[in-house]
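First the structure, in the form of structure tokens, and then the observations on it.
Computed over heavy atoms, backbone and side chain alike; hydrogens, waters and symmetry mates excluded. This is a predicted model, so every value here is computed, not measured.
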Amino acid sequence: MKQLTRALIAVLIISLILIITVNKLNSAQGYSGGNTLTIFNWGDYIDQDLIKRFEKETGIKVIYETFDSNEAMLTKIEQGGTSYDIAIPSEYAIDKMIKENLLIPIDHSKVPNLKYIDPRFMDLSFDPKNKYSVPYFWGTVGIAYNKAMIGDIEITSWDDLWDPKFKNQILIVDGAREVMGMSLNSLGYSLNDTNEKHLIEAKEKLDLLTPNIKAIVGDEIRMLLETEEAGIGLVWSGVAQEIMWENEDVEYVVPEEGSNLWFDNMVIPKTSKNPEAAHQFINFMLDPEIAAQNTEYVGYSTPNKGALEYMDEEVISDERFYPDEELTSKLEVYENLGKRMLAYYNDLFLEFKMHPK
């Protein structure tokens with residue numbers, strides 16, 4: 001009996017030591033609350049100087065991790081292994097996270113700088129009344145093209161990309177929604193279309209584009225277009241703007257048939273161990289001067305109307321990146337299509353990627 005008692009005591013002591021050790025490790029890695037804030041964001045999507053400034057002003061240590069797709073971000077948050085305090089997903093992912101009860105509501109009383117957000121970007125369909133998210137950046141999907149490489153040609157339509165003169169000249173981003181959406185829009189369909197006949201038609205039209213495609217790529221599309229490895233690219237507006245800073249021969253257009261209007265917003269995952277610090281960080285990032293500095297670094301369009309006062313007039317008057325309401329009314333926000341339909345989009349996109357030239 002005494003041996004059993006000793007064994008139980010030993011097990012309890014070892015368990016206690018393990019618990020203390022794990023908690024210390026998690027705290028050191030920013031996986032618990034206290035005086036740390038763990039942020040999950042896209043790569044190179046914030047001015048790191050601002051993180052240092054936030055740490056200095058608040059005394060809160062920031063742990064910063066990155067993801068390369070909404071799907072990867074969702075998987076990690078659903079698994080719950082890391083207690084992220086802030087994440088910055090896109091609109092359709094936010095819709096999914098709300099439906100799956102993965103988010104903490106935003107306490108608007110703790111985010112007074114919310115008043116600087118342009119009302120056009122508030123109360124959107126994926127998050128009514130911004131109960132769970134706060135706008136971070138927004139933009140469009142369109143075509144970047146190098147006038148010096150493709151000649152005296154003005155691209156205005158998605159259909160222009162199918163012109164045989166552009167053989168082996170086009171780079172496209174490795175994204176099912178972007179590429180299928182491009183083809184759907186070119187056919188006059190919604191980029192949220194769920195009609196399987198329309199989707200097959202869109203995929204078959206993409207197959208006809210393969211002779212013109214040089215490569216399907218990820219983040220390196222910016223560098224490849226900057227260095228003139230190809231003359232045309234299907235890109236996000238912020239990527240196009242960065243390319244244009246480096247190469248004055250590059251133009252950007254949102255095709256006349258319509259395209260995607262996307263939003264990335266700040267959210268607080270339900271697993272957050274420091275929601276108070278999360279609210280502090282969100283409010284900090286909405287300060288107009290800070291938002292302006294962040295926008296200049298990242299290159300995407302800011303929803304912060306207060307920040308515009310601190311930015312170059314030439315930038316904010318450029319309708320390619322700050323389109324007026326007439327153009328934005330023709331654009332569509334990605335909707336959460338559900339697992340089955342999203343899988344179908346991905347399957348069709350994979351078939352297209354495997355299609356021989």
Side-chain angles (χ1 to χ4, degrees), residues 26-27 29-98 100-114 116-117 121-122 126-127 130-138 262-287 290-291 293-295 297-298 300 302-304 307:
N26 283 345
S27 180
Q29 295 176 38
Y31 295 165
S32 63
N35 211 35
T36 63
L37 179 74
T38 307
I39 299 174
F40 203 23
N41 195 4
W42 299 87
D44 202 26
Y45 207 36
I46 192 170
D47 185 341
Q48 292 292 326
D49 287 342
L50 292 175
I51 289 181
K52 293 173 184 174
R53 178 172 168 181
F54 176 78
E55 290 179 320
K56 185 176 180 181
E57 291 184 6
T58 64
I60 297 169
K61 178 174 175 54
V62 173
I63 308 298
Y64 190 80
E65 295 186 22
T66 62
F67 56 85
D68 58 10
S69 72
N70 281 292
E71 288 67 35
M73 178 275 307
L74 281 166
T75 298
K76 200 158 185 185
I77 287 179
E78 285 170 343
Q79 290 172 344
T82 303
S83 298
Y84 294 111
D85 299 300
I86 294 276
I88 304 182
S90 302
E91 67 294 311
Y92 71 93
I94 293 170
D95 183 27
K96 178 177 171 64
M97 295 172 87
I98 292 170
E100 295 185 4
N101 196 30
L102 295 174
L103 301 177
I104 292 174
I106 302 292
D107 185 344
H108 287 204
S109 69
K110 295 179 179 178
V111 192
N113 287 336
L114 201 57
Y116 294 114
I117 298 295
F121 306 118
M122 297 286 288
F126 61 90
D127 182 19
N130 290 89
K131 184 177 179 180
Y132 294 96
S133 71
V134 172
Y136 183 65
F137 281 119
W138 67 281
W262 58 261
F263 299 92
D264 288 340
N265 284 17
M266 294 178 279
V267 300
I268 305 176
K270 200 167 186 180
T271 53
S272 170
K273 294 294 179 66
N274 203 345
E276 188 65 34
H279 281 90
Q280 282 183 259
F281 182 79
I282 290 172
N283 195 58
F284 172 83
M285 294 304 296
L286 295 189
D287 177 273
I290 288 167
Q293 179 179 329
N294 198 36
T295 301
Y297 174 85
V298 174
Y300 284 91
T302 179
N304 191 313

Apply side-chain contact (heavy atoms from CB on, under 4.5 Å) to the pair Q280 and T58, showing each step before the final yes or no. CA-CA 9 Å; Q280 282 183 259; T58 64; 3.9 Å; yes
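- In this structure, M73 CE and D68 CG are separated by 11.5 Å, a value rounded to the nearest 0.5 Å.
- In terms of heavy-atom proximity, F121 sits nearest to P135 at O-CG, 3.5 Å.
- The distance from atom CD of E55 to atom CZ of F281, rounded to the nearest 0.5 Å, is 10.0 Å.
- The two residues S133 and N130 have their closest heavy-atom pair at O-ND2, 3.1 Å.
- Heavy atoms from other residues, nucleotides or ligands lying under 6.0 Å from NZ of K110 number more than 12.
- At a threshold of 4.5 Å between non-hydrogen side-chain atoms, the residues I94 and V267 count as touching.
- For the pair N283 and P112, the minimum side-chain heavy-atom distance is below 4.5 Å.
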List the atom pairs, with distances to 0.1 Å, where a side-chain N or O of residues 45-53 and a protein N or O form a donor-acceptor pair under 3.5 Å, not counting sequence neighbours.
unit_1, atom_1, unit_2, atom_2, d
Y45, OH, D264, OD2, 2.7
D47, OD1, D49, N, 2.9
D47, OD2, Q293, NE2, 3.1
R53, NE, E57, OE2, 2.9

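- Contact of the V62 side chain with the T36 side chain is not registered, since no non-hydrogen atoms from C-beta on lie closer than 4.5 Å.
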Might you work through the side-chain contact (heavy atoms from CB on, under 4.5 Å) test for L102 and E78, ending with a clear yes or no? CA-CA 8 Å; L102 295 174; E78 285 170 343; 3.8 Å; yes
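- Close placement of the Y300 and W262 rings is indicated, their centers lying within 6.0 Å of each other.
- Here the shortest heavy-atom pairing between I86 and I282 reads CD1-CG1, 3.7 Å.
- Between I88 and N265, the closest side-chain pair of non-hydrogen atoms is not below 4.5 Å.
- Two residues are said to be in side-chain contact when any heavy atoms from C-beta on lie closer than 4.5 Å; H279 and D107 meet this criterion.
- Between F54 and I60 the shortest side-chain heavy-atom distance falls below 4.5 Å.
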For a side-chain contact (heavy atoms from CB on, under 4.5 Å) check, start with the C-alpha distance between N294 and V298, then their side-chain angles and the critical distance, and finish with the verdict. CA-CA 6 Å; N294 198 36; V298 174; 3.9 Å; yes
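- For the atom pair CD1 (I77) and OG1 (T271), the distance works out to 6.5 Å, reported to the nearest 0.5 Å.
- The distance from atom CG of N41 to atom CZ of F67, rounded to the nearest 0.5 Å, is 6.0 Å.
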For Y136 and T302: C-alpha separation, side-chain torsions, deciding distance, then whether side-chain contact (heavy atoms from CB on, under 4.5 Å) applies. CA-CA 7 Å; Y136 183 65; T302 179; over 6 Å; no
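- Using a 4.5 Å heavy-atom cutoff, the side chains of M122 and L114 are in contact.
- The nearest pair of heavy atoms linking N70 to S90 is OD1-N, 2.9 Å.
- Side chains of Y84 and E65 form a contact here, defined as non-hydrogen atoms less than 4.5 Å apart.
- Expressed to the nearest 0.5 Å, how far NZ of K131 lies from NE2 of H108 amounts to 10.0 Å.
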Would you please test D287 and Y116 for side-chain hydrogen bond (donor to acceptor under 3.5 Å, both in side chains) and show each step? CA-CA 8 Å; D287 177 273; Y116 294 114; over 6 Å; no
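- Side-chain N or O atoms of S272 include none that pairs as donor or acceptor with a backbone N or O of I268 at under 3.5 Å.
- With hydrogens and angles disregarded, a donor-acceptor distance shorter than 3.5 Å links the side chain of D85 to the backbone of T38.
- Pairing each heavy atom of P303 with each of W138, the nearest pair is N-CD1, 3.7 Å.
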Verdict with supporting geometry, Y92 and F126, ring pair (Phe, Tyr, Trp, His ring centres under 6.0 Å): CA-CA 7 Å; Y92 71 93; F126 61 90; 10.0 Å; no
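- Considering all non-hydrogen atoms of both residues, A291 and A307 come closest at CB-CB, 3.8 Å.
- Interatomic distance, M266 CE to M285 CE, rounded to the nearest 0.5 Å: 6.5 Å.
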